[in-house]
Amino acid sequence: MTADRWIVTATGLALIAFIVWFFWLKRSTGFRASETTGGYQEAMILVKGGYTPDTIIVRSGRPVRLNFRREETASCSDKVIFADFQKSAELPTGQTVPVELMPKEPGEFGFGCPMGMFRGRLIVE
Amino acid sequence: MTTPEHIELRIGGMTCEHCPSAIEKAIKNVAGVTAVQVNSATKVARIDYDPSRAKIAAILQAIRALGYTVGTATARIPIKNMHCSSCIIRIELALQMTPGIVSARASLGPNAADIEYQPEKVDFDAIRRAIESAGYHVAEPKIDARSEVLDPAEAANEEEYRSLMRKFWFAAAISIPVMALSYPDLIPGLRDWMPMGSDTRRTVWALLGVLSLPVLVWAGSQFFTGMGDALKHRAANMHTLIAIGISAAYVYSVVAVAAPGIFPNMALAEVFWDVTDVVVALVVLGLALEIKAKGRTSQAIKKLIGLQAKTARVIRDGKEIDIPVEEVLVNDLVVVRPGEKIPVDGQVTAGSSAVDESMITGESMPVEKQVGDEVIGGTLNKTGSFRFTATKVGKDTALASIIRMVKDAQGSKAPIQRVVDTVSGYFVPAVMILAVLAAIAWYDFGPEPRVIFATVVLVTTLIIACPCALGLATPTSLTVGIGKGAENGILIRSGDALQAAEKLDAIILDKTGTITKGEPAVTDVVVTQGHDERNVLRLTASLERGSEHPLGEAIVNGAEARNLSLSDAEAFAAIPGHGVSGRVDGHEVLFGNAKLMLDRGISIATLETEWGRLANEGKTPMYVSIDNKAAGLVAVADTVKADSKAAIEVLKGLGIEVVMLTGDNKRTGRAIGREVGIERVLAEVLPDDKAHEVQKLQLEGKSVGMVGDGVNDAPALAQADVGFAIGTGTDVAIEASDVTLIKGSLMGVVTAIEISRATMRNVRQNLVGAFGYNTLGIPVAMGVLYPFIGLLLSPLIAAAAMAFSSVTVVTNANRLRFFQPRRGGP
């Protein structure tokens, strides 16, 4: 193999390693929902290219209110689905939409858009 | 102390004796309230309070805490030119000072004011005047609470579509000259004018690059913003692939024009501006078409929303007035004329008419409505005028519940989707890795010009991959399928229910009210020699008119259905456990069981065989004697619904075992089973054991559906893999069921199963298509076929394939809109 081939191969493999690390290996730390006087565990989630924050930590047995605010028009994200809770909400652009849940058991529950391009996790302790 | 203020609140749900005092006590406990008087007749609470100490909201809360409703309505009024926080205060003050407005809260976010008001004291005109007095305007000429919910989303979609189409035309217009001039060697005239390596060619190509730049940064802007937003979340999507693909092509071209010297061979200094332009044009067009097609998938729900009436004519203070439907309150008297829409749910109090309920129940025949019958909001009054009392308004109406249920169901996920979700989580980065691997392989081992081949393969692989087709496959079909159900009066609660309904092996039908009408009717009249059937039935019915027994009602109805004119009975007597006696038109008439006849010394020997036959058919025959001689038998039975037999036949034809469940005795159960063609009859099942019977069948390894009414059969419906609740009238939100059949016909079960099968078949086609497309397309784009048949895809072909794969998926889902339920037999 010639030198240029070695360089291209090495660069390519490095790129692949970077893709694996960037998209799969590094996981975000969770955001703990704050408790309000009303007894709700609340968190604000920004919907833009993904969910920010995308990992919410709550305690089981207490109601959770997640306020989604969508600030984009891409059609994939116009709905958020909590499949494990049988809940969904439409997210019109620019409006804050609360989604209320009652996590009864600890565990990790995913949520996302109908097409699965946006994903978030609700970690119940 | 400031001057006390006075308020009158209308209170709903006040039905008991002690209600007024309980409410008075609760209101008095609110600090600042000086006097309260609740009138139980007018259902109005008169309250004196000190406005500096008590807030109306606190009073309302006290009333609501007791479980009563306050006669207020809420509305969101959009307001124009509200920009600052002082605007909010001014608008709120103006609204709060308007009599009849209980609370008002304006906010800049939605640019609207949320107000709570008493509809009998203030109307929208007064609210509009109040807002205008503060110097602002109501944003829409017509205030419609629901348009608030739907329209912004639709308007955004429409805007998105138009913007994408603008980008498409722009990119397409630039693509044509760019494509022609990028391949001058193929076009004879151009080849001579700008030969390879000439300055003319370099200049032209540089100009093409300048021309393509706006395509990349404007028409293709959503790919870069989409990629950027996703990267912040360490995620990748379709935008990522396209953005990398088109910028790789662009950057290579820039290098080729700016520094052709770094390429060992002049032939390598090619430009790929055409790739950038054409890919942007095609993918943007695909996105636009996808938005249009996706809009069509939710047509069913738009139709349902369109059913809601805008105005209602109610009687207030003795006058008929037209008001927006949002202002109708429970217990309002509503007037409906022929050809008008019924605005809310209610009960007819005067008049009669035929009502077309097909839009809600799917039943095409108009339904006769009499005093006491339920009417459903959103249905169409055909022939007569009538008045009805509103029982459910606003979000509580059947139509609103249906819309909510359908929306929730369309937003739910079918279990099959979870597999797809797992795959699509890894999909895009995996494609990126494959593209890099392919480029390395082509560079290291491919034929010359290696640089060009490696670049083309990298770009093609990134562009051909279509995560969107995968992601769209299930949700679009589900949306159309569930909407189709709603159009036919079938509410499927979730994607789980839809998927489960496809695989049912057995269906348990509750007998009473499901297979049968649930109310007895006259089935047979047998007479002895010398008597006439019509006369015997007429005398019996005339006698039974005085009875309150449900069977008596069936006999009277039976006689009326046969157009018999009834007479009055004299000396009517009910003999408990035996029957009834009396005198009709001068005849002594006795009607009851054998014991009654024997006690009176009447011989019934001639009728006993017939009695046995009828009883064996599961009917309830009773003896009639006229002037102390046996005259005949009148048999009453719960009759089978018109289409039950046909529906059961179709279910069997679909390969589903049909089982009947009844609390009745075995004889009655078997008789009905024979009539409708069910072999397996579970009779004498106590109500509490129904769920157990479902479980027993499940233990045979079957996936079991249960059809019953939502109230008595709730545990059995919950136990079943799919619970079908037969709904009646406005009570559609049946909790225990997976599927609600608004029209009480078994044909609905057939339609539900067929819709689920059609939808799941559609989902599978989509998934096979999407997975198949990607698993074939990606390797071909990587060039695996090149060593064998010399095939390498052009990035332009890849872009076209990618753009139309997702459109195909959505179009296929839209095919479900043509699903037709079968009518009647198989």
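Fair warning: this is a prediction, and the values are worked out from it, not measured in the lab. The sequence lines fix the lettering, A, B, ..., with proteins before strands; numbering per chain opens at 1.
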List the atom of A/Lys79, the atom of B/Lys407, and the distance in Å for their closest heavy-atom pair.
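Residues A/Lys79 and B/Lys407, closest heavy atoms: NZ-O, 4.3 Å.
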
Which pair of heavy atoms, one from A/Leu13 and one from B/Ile440, lies closest together, and at what distance?
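Smallest heavy-atom distance, with atoms named: N-CD1, 3.9 Å.
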
Look up atom CZ in A/Phe23 and atom OH in B/Tyr426, then write down how far apart they are to the nearest 0.5 Å.
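With rounding to 0.5 Å, CZ (A/Phe23) is 14.0 Å from OH (B/Tyr426).
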
Just verifying a value: how many Å separate A/Asp4 CG and B/Asp444 CG, rounded to the nearest 0.5 Å?
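That separation rounds to 8.5 Å.
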
Between B/Met227 and chain A, which part of the residue has a heavy atom less than 4.5 Å away: side chain, backbone, both or neither?
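Neither; nothing under 4.5 Å.
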
Which atoms of B/Leu231 come close to chain A, meaning under 4.5 Å heavy atom to heavy atom: side chain ones, backbone ones, both, or neither?
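Contact with chain A is through both the backbone and side chain of B/Leu231.
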
Does any backbone or side-chain atom of A/Tyr51 lie under 4.5 Å from a heavy atom of chain B? Answer side chain, backbone, both or neither.
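Backbone only.
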
Part of A/Thr96 lying under 4.5 Å from any heavy atom of chain B:
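Contact with chain B involves no heavy atom of A/Thr96 at all.
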
Can you tell which of [options] has the highest number of heavy-atom pairs within less than 4.5 Å of chain B?
options	answer
A/Ala89, A/Gly112, A/Ser88, A/Gly110	A/Ser88
A/Ile16, A/Thr11, A/Thr2	A/Ile16
A/Thr52, A/Leu91, A/Val80	A/Thr52

Could you give me the CA-CA distance, side-chain angles and deciding distance for B/Arg450 and A/Val8, then say whether side-chain contact (heavy atoms from CB on, under 4.5 Å) is met?
CA-CA 11 Å; B/Arg450 292 176 294 133; A/Val8 167; over 6 Å; no

Among the listed options B/Ala236, B/Ala439, B/Gly228, the residue most often paired with chain A at heavy-atom distances under 4.5 Å
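Most heavy-atom pairs within the cutoff with chain A belong to B/Ala236.
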
Does A/Lys48, at its NZ atom, have more than 12 non-hydrogen atoms belonging to other residues, nucleotides or ligands within less than 6.0 Å?
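No, not enclosed.
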
List the residues meeting salt bridge (Lys or Arg N to Asp or Glu O under 4.0 Å) with A/Asp84, not counting sequence neighbours, and say none if there are none.
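Only B/Arg418 meet the salt bridge (Lys or Arg N to Asp or Glu O under 4.0 Å) criterion with A/Asp84.
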
